[in-house]
2 protein chains.
Amino acid sequence: MKIVTWNVNSIRIRLEQVIFWLNQSPIDILCLQETKVIDPEFPRSPFEKLGYYVYSSGQKAYNGVALISSEPLKDVSVGFTPILPNIEPAWDLQKRVITGVIDSIRIVNLYVPNGSALGSDKYEFKLNWLKVLHHYLQTLLPSQPKICMCGDFNIALAAEDIYQKTNLDNHIMASEPERQALRDILDLGFADAFRKFTTEGGHYSWWDYRAGAFRRNMGWRIDHHYLTPILYEQAKSCIIDVNPRKSPQPSDHTPVILEI
Amino acid sequence: MKIVTWNVNSIRIRLEQVIFWLNQSPIDILCLQETKVIDPEFPRSPFEKLGYYVYSSGQKAYNGVALISSEPLKDVSVGFTPILPNIEPAWDLQKRVITGVIDSIRIVNLYVPNGSALGSDKYEFKLNWLKVLHHYLQTLLPSQPKICMCGDFNIALAAEDIYQKTNLDNHIMASEPERQALRDILDLGFADAFRKFTTEGGHYSWWDYRAGAFRRNMGWRIDHHYLTPILYEQAKSCIIDVNPRKSPQPSDHTPVILEI
DNA sequence: GGTGACATTG
DNA sequence: CAATGTCACC
């Protein structure tokens with residue numbers, strides 16, 4: 001089974017590229033982030049014509065996640081509140097979480113807040129959001145041993161996940177508090193699928209649109225598949241497909257393909 | 001000598017098209033309207049590399065006029081106030097007038113206000129602006145027998161300048177008050193260069209972006225060259241080049257070329 | 001309705 | 001640098 005995560009930065013703008021990519025790369029589940037479209041306007045039919053099932057949780061202009069699946073998903077839910085009914089409903093105003101079950105594997109597709117700049121309100125929101133996510137997974141895990149949590153985490157955990165550059169400690173996506181918040185989540189029992197197969201640095205999933213970052217390979221690995229032990233054992237490969245980033249009007253992220 | 005008028009609807013967006021057109025159509029003066037850029041940001045060098053001299057009077061986002069000339073122009077001025085020092089300076093807040101002299105011919109390049117809708121404040125502004133223009137030309141004429149006044153007039157004077165459609169009297173660009181205001185100006189001693197050569201209708205310089213107006217040739221002739229008698233006598237041709245309107249990302253106007 | 005400029009976000 | 005919404009204009 002192939003599970004892909006891809007922050008498309010607007011599904012409407014990227015639709016043709018995503019369909020083209022799907023035609024060349026048949027997969028089982030495609031986890032999209034930053035769809036930037038409300039559900040009634042999600043372009044379902046291009047996927048449905050290829051035989052895929054579409055589940056989306058979107059909003060106007062920002063955020064938005066979707067699951068594109070070769071088979072109908074079970075137990076689909078969006079946001080934190082279906083699993084954490086007692087939390088503040090405001091946590092689900094931004095559409096960043098969608099989950100569903102295929103072959104007894106729970107896919108959790110996430111678009112983790114970017115956090116803007118250290119010390120900003122958005123940074124605080126990111127850290128608190130990660131605490132809610134911790135709680136969410138803690139609640140899921142007892143009944144759900146097979147979880148594939150993937151998406152755009154907006155966090156690079158290790159130095160080798162970032163192109164060489166000094167003074168990254170105070171950089172968003174690399175600061176200690178957000179890394180620790182993510183490590184706390186992984187400590188619930190998740191492991192990084194990509195690092196099962198590839199230990200060296202220089203493999204990235206995101207390159208800033210600015211400053212010719214892609215051309216100079218100034219990238220970050222911030223799109224991840226985190227697996228519970230059974231799935232981690234079963235993982236066969238985890239590959240970053242750099243090609244879509246080379247397209248004329250690319251997303252700033254490129255797909256990451258897990259095979260289990 | 002070839003004098004061209006072209007409302008480009010943003011010189012930055014249309015730059016490539018305009019340079020391409022100039023390369024195929026060597027001309028003496030290009031009068032641009034709706035440049036939509038302040039003078040320091042006007043893309044001078046692409047024109048200067050082709051040997052042209054650039055004179056611009058622009059503002060942020062709206063309006064803006066420019067003269068592109070194969071020879072240096074004399075006596076360049078922008079706005080009404082250099083000729084009419086006693087008028088309210090507010091008349092020059094919108095950048096709609098630029099003039100310069102080549103071969104003892106005064107080029108007056110105009111972007112007449114559109115007027116929005118009959119009875120609106122913008123309509124009143126258009127009528128009053130035309131009165132100021134009348135005064136401006138009256139002041140210029142005694143010392144300047146050769147005037148080529150051209151640009152986007154946002155007025156079609158005759159039925160044959162507009163595609164067939166009923167009830168145009170109350171339509172902006174065709175209403176009697178604005179037509180009369182323009183006729184009053186022409187009565188100072190100007191004649192329509194285009195109508196020296198072409199009497200039949202169906203020749204247009206502007207097509208609305210909406211409703212497939214260009215495809216259906218639902219156009220208007222609102223971009224004009226008005227000449228004083230000596231120049232009118234000398235006029236050799238006046239041609240509308242429809243081709244640029246067929247480009248992928250066209251201006252809604254197409255260039256009109258006068259040869260004298 | 002079809003453009004373009006601009007402000008905001010990432 | 002590349003998205004979106006909002007606005008103004010035609």
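A, B, ... follow the sequence lines: proteins, then strands. Residue 1 opens every chain. Quick note: numbers below take in every heavy atom, side chains included, and nothing from hydrogens, waters or symmetry partners.
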Query raised in the report: B:I38 has an atom CD1; how far is it from atom P of C:dA5, in whole Å?
Result: 13 Å
Query raised in the report: What's the CD1-P distance between A:I155 and C:dG10, to the nearest Å?
Result: 15 Å
Query raised in the report: Quick one: does A:L258's side chain get under 4.5 Å of A:C148's, heavy atoms only?
Result: yes
Report task. Scan residues 207-215 of chain A against DNA chain C and write down, sorted by residue number, each residue with any heavy atom closer than 4.0 Å; if none is found, say none. Result -> A:Y209, A:R210
Query raised in the report: Should A:I222 and A:Y204 count as side-chain neighbours, where that means a heavy-atom distance under 4.5 Å?
Result: no
Query raised in the report: What orientation do B:F42 and B:F47 show, parallel under 30°, tilted 30 to 60°, or perpendicular over 60°?
Result: tilted
Report task. Check whether the ring centres of A:W6 and A:W21 lie less than 6.0 Å apart, and answer yes or no. Result -> yes
Query raised in the report: Could you give the distance from CG (A:N154) to CD1 (A:I172), rounded to the nearest 0.5 Å?
Result: 8.0 Å
**Report entry** Spacing of A:R216 atom CZ relative to D:dC1 atom C1', expressed in whole Å
**Finding:** 14 Å
Query raised in the report: With a non-hydrogen cut-off below 4.0 angstrom, is A:Y123 in contact with a base, only sugar-phosphate, or nothing?
Result: nothing
Query - Heavy-atom pair with the smallest gap, counting every atom of B:A66 and B:N109 - result: O-ND2, 2.9 Å
Report summary line: Rounded to whole Å, CD1 of B:I11 lies from C1' of C:dA5 at a distance of 16 Å
Without placing hydrogens or testing angles, list every side-chain donor-acceptor pair under 3.5 Å for residues 110-118 of chain A, not counting sequence neighbours.
residue	atom	partner	partner atom	Å
A:Y111	OH	A:E34	OE2	3.3
A:N114	OD1	A:S116	N	2.8

Query raised in the report: Given Watson-Crick or G-U pairs with both distances under 3.5 Å, what dot-bracket string fits DNA chain D, with | for other-strand pairs and [ ] for crossing?
Result: ||||||||||
